[in-house]
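Counting starts at 1 for both ligands and their atoms, in listed order. All of these numbers come straight from a predicted model, not from anything done at the bench. If you read the sequence from its start, that first residue is 1, and numbering goes on from there.
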Amino acid sequence: MTQAPESLNLSVNDATKKSLDRDCTTLSRHVLEQMHSFGAEAQDLSAVMNRIALAGKLIARRLSRAGLMEGVLGFSGDINVQGESVKNMDVYANDVFISVFKQSGLVCRLASEEMEAPYYIPENCPIGRYTLLYDPIDGSSNTDTNLSLGSIFSLRQQQGDDKDQTASDLLTNGHKQIAAGYILYGPSTMLVYTMGNGVHSFTLDPSLGEFILSEENIRIPNHGSVYSVNEGNFWQWEESMREYIRYVHRTEGYTARYSGAMVSDIHRILVQGGVFLYPGTIQKPEGKLRLLYETAPLAFVIEQAGGRATTGLVDILDVVPKKLHQRTPLIIGSKQDVAKVESFIQNGH
Ligand SMILES: O=C(COP(=O)(O)O)[C@@H](O)[C@H](O)[C@H](O)COP(=O)(O)O
Ligand SMILES: [Mg+2]
Ligand SMILES: [Mg+2]
């Protein structure tokens with residue numbers, strides 16, 4: 001039998017080892033590495049992230065077969081607390097997050113876009129002290145046309161016992177988030193998260209059923225060519241926002257990208273730079289997006305990657321909400337591009 005040269009053997013083994021190491025860098029292992037500990041808190045956070053990942057896998061599985069199944073596409077017939085028509089996928093994804101945390105001993109309360117008040121899991125409460133805030137499906141208008149969608153999550157420590165079930169301890173600024181991130185349901189399913197120590201992305205490997213590390217410590221470019229905004233709202237904005245858009249139109253080097261799902265638009269900006277805007281309108285100065293489970297978690301991610309997020313006047317992470325479903329305007333992305341928009345809002349140029 002002919003022996004392979006020693007050097008060839010070595011390089012094959014090295015390559016195999018590298019790919020094995022990569023395949024074993026799962027989300028739960030990564031969280032433990034981030035915490036530099038195998039202690040109880042690290043184990044809990046790793047388990048929480050693992051459950052969020054399970055929710056992402058369940059939602060991704062349903063979306064991948066949506067056109068073949070009854071009752072997945074279309075509207076449920078309900079109107080949610082935001083006054084928006086609810087889609088069947090909104091209902092399913094909302095229930096998925098509740099189901100994965102039941103009997104988990106991890107999360108005591110869940111608050112979402114689709115529920116007027118938080119959902120309490122009393123059996124978890126003596127143990128789990130976390131609250132999960134989430135947008136189960138972001139960009140739901142894309143559901144019926146097989147386009148990208150997202151889920152957004154934010155984890156907070158419960159303060160106090162919340163005996164009266166008003167959840168008033170959630171009405172604090174975004175710096176109180178322990179972890180935040182999103183799942184992007186695109187050509188592949190990705191999970192991006194931060195725990196205050198950089199931003200990391202994972203791709204779902206369907207053959208393993210695991211989220212595997214794609215990129216660690218992602219840094220957003222300081223400037224990018226993309227501006228991402230619904231220009232259909234042009235005449236509803238304040239003049240300063242219209243002036244900014246006129247500036248973009250007059251200036252070389254900008255390109256518009258808008259998918260209808262904020263998670264995918266902001267993911268593009270995280271990777272390639274630029275700015276996403278959802279400003280308030282003259283009629284609705286607070287805009288459309290909700291602070292606790294949309295703008296604050298995305299602000300945490302983008303700031304951790306070296307970018308910025310503001311209402312135009314105040315950093316998103318400094319905003320203290322008065323109510324659970326409070327809305328804020330959002331300008332988020334590369335530092336230079338956000339500063340440019342701010343200068344139009346604050347100085348008119
Ligand atoms: O948060 C969003 C919508 O939230 P939702 O789907 O209701 O969770 C965004 O993804 C927007 O849908 C998106 O930016 C498009 O908004 P419009 O330009 O259609 O208002
Ligand atoms: Mg949303
Ligand atoms: Mg939603």
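Of all the atoms in ligand 1, the ones that sit under 4.0 Å from a non-hydrogen atom of E113 are 5 (P), 7 (O), 8 (O). Atoms of ligand 1 lying under 4.0 Å from any heavy atom of D138, numbered from 1 in the order shown and given with element: 1 (O), 2 (C), 3 (C), 4 (O), 6 (O), 8 (O), 9 (C), 10 (O). Shown in contact with D135 at under 4.0 Å from a heavy atom are these atoms of ligand 1, numbered in order with element: 8 (O). Remark: ligand 1 atoms within the under-4.0 Å shell around heavy atoms of L289 are 1 (O), 2 (C). Of all the atoms in ligand 1, the ones that sit under 4.0 Å from a non-hydrogen atom of A261 are 10 (O). Taking every heavy atom of Y278 and a limit of under 4.0 angstrom, the matching atoms of ligand 1 come to 16 (O), 17 (P), 18 (O), 20 (O).
For ligand 1, the polar-atom distance check against N233 finds no nitrogen or oxygen pair separated by under 3.5 Å. At least one N or O atom of I137 sits closer than 3.5 Å to an N or O atom of ligand 1.
At a cut-off of 2.8 Å, E113 is counted among the residues with an N, O or S atom near the Mg ion (ligand 3). At a cut-off of 2.8 Å, G139 is not counted among the residues with an N, O or S atom near the Mg ion (ligand 3). Checking D90 against the Mg ion (ligand 3), every N/O/S atom stays at or beyond the 2.8 Å cut-off.
At the shortest separation from atom 6 (O) of ligand 1 among protein heavy atoms lies G139 N, 2.7 Å. Scanning the protein heavy atoms around atom 13 (C) of ligand 1, the nearest turns out to be G260 O, 3.4 Å.
Using a non-hydrogen distance threshold of 4.0 Å, Q82 does not register as a contact of ligand 1. The shortest separation from a heavy atom of D265 to ligand 1 is not under 4.0 Å, leaving the residue out of contact. Residue contact annotation: S141 has no non-hydrogen atom under 4.0 Å from ligand 1.
By heavy-atom distance, the residue among E294, K288, M89, M262 lying nearest atom 10 (O) of ligand 1 is M262.
Vertex the Mg ion (ligand 2); arms to D138 atom OD1 and D135 atom OD2; angle 100° (nearest 10°).
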